[in-house]
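Letters go in sequence order (proteins before strands), and every chain restarts at 1. Keep in mind the model is a prediction, meaning the values are calculated, not measured.
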Protein chains: 4
Amino acid sequence: MPEDTPTIETSEEVMFFDTDIGGVVHNIAYLRMIETARTRLAANMGFKLKEMAQTQIYPVVVRTEIDYRKPATLGDVLIISGRLDSVERVRFWVAFEVRRSGEETVLITCRQSLALVQMPQGKPLRLPDDWTDKYSHLFLKRNLEGVQSPERRS
Amino acid sequence: MPEDTPTIETSEEVMFFDTDIGGVVHNIAYLRMIETARTRLAANMGFKLKEMAQTQIYPVVVRTEIDYRKPATLGDVLIISGRLDSVERVRFWVAFEVRRSGEETVLITCRQSLALVQMPQGKPLRLPDDWTDKYSHLFLKRNLEGVQSPERRS
Amino acid sequence: MPEDTPTIETSEEVMFFDTDIGGVVHNIAYLRMIETARTRLAANMGFKLKEMAQTQIYPVVVRTEIDYRKPATLGDVLIISGRLDSVERVRFWVAFEVRRSGEETVLITCRQSLALVQMPQGKPLRLPDDWTDKYSHLFLKRNLEGVQSPERRS
Amino acid sequence: MPEDTPTIETSEEVMFFDTDIGGVVHNIAYLRMIETARTRLAANMGFKLKEMAQTQIYPVVVRTEIDYRKPATLGDVLIISGRLDSVERVRFWVAFEVRRSGEETVLITCRQSLALVQMPQGKPLRLPDDWTDKYSHLFLKRNLEGVQSPERRS
């Protein structure tokens with residue numbers, strides 16, 4: 001991965017509130033864990049929580065795709081690995097994998113697209129100008145999008 | 001109960017997301033069910049969600065006391081019965097009981113005190129003036145409070 | 001839609017716990033609402049919660065795709081419309097749309113694939129034999145799947 | 001505090017999913033943070049999550065008392081400090097305080113009583129025999145309980 005690709009790694013110990021009567025982690029609980037990873041990834045890319053609370057400009061989730069491959073259970077220590085996956089003109093994609101600490105097997109994969117929005121009006125904003133340079137290796141050019149958009153790539 | 005005591009009854013079917021690996025409803029899930037009942041009780045008392053979103057005046061929870069007597073489990077239909085329990089000058093108490101539909105046994109009892117707050121500053125407001133009359137039978141007089149406050153009554 | 005396609009409609013009033021500081025419903029909260037609709041859809045198709053708690057055979061979510069088109073906010077009454085979308089040999093797809101009560105605009109679309117699993121071992125089971133007939137109009141034939149699988153269709 | 005009193009300190013950064021439209025942390029979110037602290041405190045006292053998943057013997061919450069003194073908001077780093085508060089014959093009490101990192105002001109106080117239960121039957125068990133010695137300074141003697149039970153102490 002190019003060294004200028006923003007990445008993140010967070011860790012979560014599976015608690016009772018993460019599990020359900022099936023004996024494994026509930027499918028929605030992973031999305032809370034992924035939100036924590038995504039928020040820290042966004043902070044690395046310049047979106048600090050404290051500033052967002054002031055400016056009310058938030059990166060909001062536009063689409064989530066999540067695949068549940070293998071279950072985790074109570075007391076597992078999970079590693080959530082995230083990265084900026086691609087950038088378009090008004091939205092960007094982030095990708096996540098969840099594994100047990102010290103294991104190779106991928107339990108969960110997830111991709112999310114986000115847009116910058118001015119709340120509470122919900123007005124969409126352009127992505128920061130310097131991203132074109134900064135993340136040029138992740139930039140999806142317009143004509144390419146028609147051929148292979150992120151939604152169809154997975 | 002005097003007929004002018006605000007009451008509420010809501011119903012919830014226990015879903016997977018309500019349960020945990022122990023095979024029963026997770027202790028926090030009841031508080032979400034109780035919030036739904038409390039919000040509808042508050043609506044009956046004049047606090048409509050849509051108006052609150054405008055005025056940003058919210059009844060906020062100041063204290064919760066909840067007793068877990070018997071567990072509920074997946075697929076149970078629960079009845080949450082709530083009522084205005086008592087009124088003080090700047091806060092009021094609501095009380096809830098949770099039962100399985102059609103059964104007498106109380107699974108959960110809960111009391112919560114609330115105060116009116118102007119958000120986002122968090123400024124506490126006086127309760128509506130007409131409550132003194134309207135809920136006079138629930139009004140805790142000041143000198144009584146010293147002797148037997150709601151916290152010590154349970 | 002053919003009359004033998006299982007469908008469901010549920011309703012949810014947006015509570016405080018559904019919202020976040022952005023002033024709208026949090027992206028994860030919709031998935032809880034959709035789980036309630038999905039659970040009732042599954043009950044219509046023969047998977048009763050109470051029986052599942054006994055047999056420990058559950059339809060588990062294998063993949064979720066959700067698009068956030070327009071936001072809902074506090075006090076909105078949301079209608080979640082769901083249907084069985086397609087059936088494969090070992091999994092099936094359900095689809096959901098979320099609208100405000102009485103409005104046409106679709107706020108959220110969501111598709112989920114599910115598989116039958118024997119918990120807690122997590123052993124996948126075949127779908128009920130009679131589904132081949134019962135939902136023949138929704139059955140994706142094997143050779144078609146190679147050309148246009150549900151994942152690539154959206 | 002005597003050095004043999006089990007204590008814990010955990011840290012949580014306030015995420016979007018912790019907040020609500022009022023602009024502050026939702027009252028239920030603190031209980032999830034406190035559960036994480038409580039689970040780690042319990043682990044220090046011998047109740048490991050992984051063993052519990054095997055034995056199905058869990059410390060379950062019997063009562064929660066929580067006071068919301070001051071609000072926290074998005075991006076705050078919260079420190080949850082917990083300790084074993086007192087021990088009775090069949091249940092024990094834990095106490096928690098929540099502060100912003102580096103600040104003295106207590107935002108939240110919480111007390112919870114727990115009992116050991118064999119799931120899924122829900123059969124209550126005696127507390128470990130060695131607790132009488134180990135936590136003798138926290139042991140509430142029976143005749144004292146009549147005078148000043150933990151419920152009435154707060």
Side-chain angles (χ1 to χ4, degrees), chain B residues 8 10-26 28-44 46-61 64 71-78 80 82 100-101 112 114 117 119-120 122, chain C residues 8 10-26 28-44 46-61 64 71-78 80 82 100-101 112 114 117 119-120 122:
Chain B
I8 195 74
T10 60
S11 160
E12 305 266 355
E13 188 180 9
V14 175
M15 295 285 149
F16 278 96
F17 56 70
D18 292 317
T19 64
D20 71 23
I21 194 175
V24 296
V25 174
H26 187 77
I28 295 177
Y30 294 107
L31 288 165
R32 210 194 61 245
M33 301 178 188
I34 286 168
E35 178 172 326
T36 298
R38 189 179 69 239
T39 302
R40 296 202 170 129
L41 179 63
N44 291 351
F47 301 108
K48 309 290 185 197
L49 281 176
K50 282 298 183 189
E51 290 171 21
M52 289 194 269
Q54 299 292 318
T55 61
Q56 296 246 65
I57 296 174
Y58 304 114
V60 303
V61 176
T64 293
T73 190
L74 189 68
D76 283 351
V77 176
L78 301 180
I80 298 93
R100 271 189 211 90
S101 177
Q112 297 186 305
L114 294 104
V117 172
M119 293 305 294
Chain C
I8 195 70
T10 58
S11 161
E12 304 267 354
E13 186 179 10
V14 175
M15 295 286 148
F16 278 95
F17 56 70
D18 292 316
T19 63
D20 71 21
I21 193 174
V24 296
V25 174
H26 188 78
I28 296 177
Y30 294 106
L31 288 165
R32 211 193 62 244
M33 300 178 188
I34 286 168
E35 177 172 327
T36 298
R38 189 179 70 239
T39 302
R40 296 203 170 128
L41 179 62
N44 290 352
F47 301 108
K48 309 290 185 198
L49 281 177
K50 282 296 183 192
E51 288 170 21
M52 289 194 269
Q54 298 293 318
T55 62
Q56 296 247 64
I57 296 174
Y58 303 114
V60 303
V61 177
T64 294
T73 191
L74 189 68
D76 283 352
V77 177
L78 301 179
I80 297 94
R100 271 191 210 88
S101 177
Q112 297 185 305
L114 294 104
V117 172
M119 295 305 295

Checklist entry - How close do C/Pro71 and C/Val24 get, heavy atom to heavy atom, and via which atoms? => result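 So the minimum-distance heavy-atom pair works out to CB-CG1, 3.7 Å.
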
Checklist entry - If every non-hydrogen atom of B/Leu114 is compared with every non-hydrogen atom of B/Pro59, which pair is closest and at what distance? => result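 Where B/Leu114 meets B/Pro59 most closely, the heavy atoms are CD2-O, 3.8 Å.
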
Item to check | Test side-chain contact (heavy atoms from CB on, under 4.5 Å) applied to B/Asp76 - qualifying residues, sequence neighbours left out | outcome: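 Residues passing side-chain contact (heavy atoms from CB on, under 4.5 Å) with B/Asp76: B/Val14, B/Ala72, B/Thr73, B/Leu78, B/Arg100, C/Lys50.
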
Checklist entry - Who pairs with B/Gln112 by side chain to side chain donor-acceptor pair (under 3.5 Å), at least two apart in sequence or on another chain? => result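 B/Gln112: side chain to side chain donor-acceptor pair (under 3.5 Å) contacts with B/Arg38, B/Thr64.
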
Item to check | Atom pair CE (C/Met33) and CZ (B/Phe17), whose distance is rounded to the nearest 0.5 Å | outcome: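 One finds 9.5 Å between CE of C/Met33 and CZ of B/Phe17.
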
Item to check | Beyond-backbone contact of B/Thr39 with B/Phe47, side-chain heavy atoms, under 4.5 angstrom | outcome: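 B/Thr39 does not reach B/Phe47 side chain to side chain.
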
Item to check | Contact residues of residues 51-58 of chain C (partner chain B; heavy-atom separation under 4.5 angstrom) | outcome: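 Only C/Met52, C/Ala53, C/Tyr58 of residues 51-58 of chain C have a heavy atom under 4.5 Å from chain B.
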
